[in-house]
Amino acid sequence: MDIFIIGITGKIGGLLAQELTARGDTVRGLVRREEQRADLAAQGIHAVVRDLAGMPVPELADAFRGADAVVFAAGSNGGSAQVTQAIDGDGVSRAIEAARHAGVHRLALVSVLPESWRERDLDDEVEYYFAVKKQADVALSRSDLDWLILRPSLLTDDPGAGTVSLGPAELHGEITRADVAATLAALLHEPRISRQILELDSGSTPIGDAVTANVRS
């Protein structure tokens, strides 16, 4: 497959790129700095240098062209409201439109569990982040694309276990970024997983089996 990753220099995006290249896929992405492009080129990954927040839809569509799927793994992580809207809100909307223009039908979005951090006293910017993430989920789910929304639990940098709990509704626990990336790679290679929202937590089911269990008959 040919996969284009928005957020390829992030932790999940970078791990996903490794997973996909290990499978023999062609991986491309979007970066903001030339040195990032050079680092990825050394790994055999082509990247376009551009800022998503200011990138016109036609340019983004040109970058997507020829891809089998686009993955949106970028995120503001609850920063300023302006950045959150530009990346998590407008960025997703722009990616949906660009995918249509480019003739790319499959778009996977890394989102968040709606109840994440509910046990905390959140400031206004983080609350706004969750609201914008939900709006992006709604926008993608109402599009005509072959979409997939993956909502992982609290992310950790521990080594991947290779086992997860994956389904339409999961409890909010924690999950390693490595297991998120491995699960997402498996989902991208399962065309029968289509137009579904899946939540992801740590668990005891091997990733391949967990993905297959969510194929609709």
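We're numbering straight along the sequence, starting at 1.
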Distance-minimising heavy-atom pair for Phe72 and Ala95: CD1-CB, 4.0 Å

Where Pro191 and Ser194 come nearest, the two heavy atoms and their spacing: O-CB, 4.1 Å

Which residues share a salt bridge (charged side-chain N to carboxylate O under 4.0 Å, His left out) with Arg65, sequence neighbours left out: Asp62

Side chains of residues 44-57: which donor-acceptor partners sit under 3.5 Å, not counting sequence neighbours?
| unit_1 | atom_1 | unit_2 | atom_2 | d |
| --- | --- | --- | --- | --- |
| Arg50 | NE | Glu59 | OE1 | 2.8 |
| Arg50 | NH2 | Glu59 | OE1 | 3.2 |
| Asp51 | OD1 | Ala53 | N | 3.1 |

Heavy-atom closest pair, residues Asn214 and Pro168: OD1-CD, 3.8 Å

Side chain proximity check, Leu155 to Ile12, heavy atoms < 4.5 angstrom: yes

Closest heavy-atom pair and its distance - Leu15, Ala178: CD1-N, 3.7 Å

Partners meeting side chain to side chain donor-acceptor pair (under 3.5 Å) with Glu190 (sequence neighbours left out): Arg192

Any pair counted as ring-ring contact (aromatic ring centres under 6.0 Å, His included), so long as it reaches residues 136-157, sequence neighbours left out: none

Residues which pass side-chain contact (heavy atoms from CB on, under 4.5 Å) with Glu19, listed by chain and number, not counting sequence neighbours: Ala181, Ala182, Ala185

Atom pair CZ/OG1 of Arg33 and Thr9 - distance to nearest 0.5 Å: 7.0 Å

Exam field: side chain Gln135 to backbone Lys133, donor-acceptor pair closer than 3.5 Å: no

Salt bridge (charged side-chain N to carboxylate O under 4.0 Å, His left out) partners of Arg195, counting only residues at least two apart: none

Val112/Tyr129 under side chain to side chain contact (heavy atoms under 4.5 Å, CB included): CA gap, chis, key distance, verdict: CA-CA 10 Å; Val112 294; Tyr129 166 77; 3.6 Å; yes

Any pair counted as salt bridge (Lys or Arg N to Asp or Glu O under 4.0 Å), so long as it reaches residues 205-217, sequence neighbours left out: none

4.5 Å side-chain heavy-atom contact, Ile207 and Val164: yes

Atom pair CD1/CG of Ile8 and Leu16 - distance to nearest 0.5 Å: 8.0 Å

Inter- and intrachain pairs under salt bridge (Lys or Arg N to Asp or Glu O under 4.0 Å), touching residues 142-156, at least two apart: Arg100-Asp144, Arg106-Asp146, Asp137-Arg151, Arg151-Glu199

Any donor-acceptor pair under 3.5 Å from Ser202 side chain to Glu174 backbone: yes

Check: Val180 and Leu200 side chains under 4.5 Å, non-hydrogen atoms: yes

Chi angles and distances behind the side chain to side chain contact (heavy atoms under 4.5 Å, CB included) call for Leu166, Leu150: CA-CA 9 Å; Leu166 176 72; Leu150 185 64; 3.9 Å; yes

Donor-acceptor under 3.5 Å (Asp179 side chain, Gly162 main chain): yes

Derivation of the side chain to side chain contact (heavy atoms under 4.5 Å, CB included) call for Leu145 and Ile96: CA-CA 8 Å; Leu145 298 176; Ile96 293 169; 4.0 Å; yes

Partners meeting side-chain contact (heavy atoms from CB on, under 4.5 Å) with Asp39 (sequence neighbours left out): none

Any donor-acceptor N/O pair, Asp201 side chain to Ile175 backbone, under 3.5 Å: no

Lys134: salt bridge (charged side-chain N to carboxylate O under 4.0 Å, His left out) partners, not counting sequence neighbours: none

Under-4.0 Å salt bridge between Glu97 and Arg94: no

Distance in Å, Asp88 CG paired with Ser76 OG, rounded so as to fall on 0.5 Å steps: 3.5 Å

Derivation and outcome, side chain to side chain donor-acceptor pair (under 3.5 Å), residues Gln85 and Asp90: CA-CA 6 Å; Gln85 183 60 50; Asp90 297 339; 3.0 Å; yes

Residue pairs, two or more places apart or on separate chains, that pass salt bridge (Lys or Arg N to Asp or Glu O under 4.0 Å) and touch residues 21-30: Asp2-Arg28

Among Arg37, Arg32, Gln36, side-chain hydrogen bond (donor to acceptor under 3.5 Å, both in side chains) partner for Glu34: Arg37

Ser165/Glu170 under side chain to side chain donor-acceptor pair (under 3.5 Å): CA gap, chis, key distance, verdict: CA-CA 7 Å; Ser165 185; Glu170 295 291 335; 2.7 Å; yes

Residue pairs involving residues 182-217 (criterion ring-ring contact (aromatic ring centres under 6.0 Å, His included); sequence neighbours excluded): none

Student check: side-chain heavy atoms of Val31 and Leu40 closer than 4.5 Å: yes

Intermediate values then yes/no, side chain to side chain contact (heavy atoms under 4.5 Å, CB included), Thr26 and Asp68: CA-CA 10 Å; Thr26 297; Asp68 296 302; over 6 Å; no

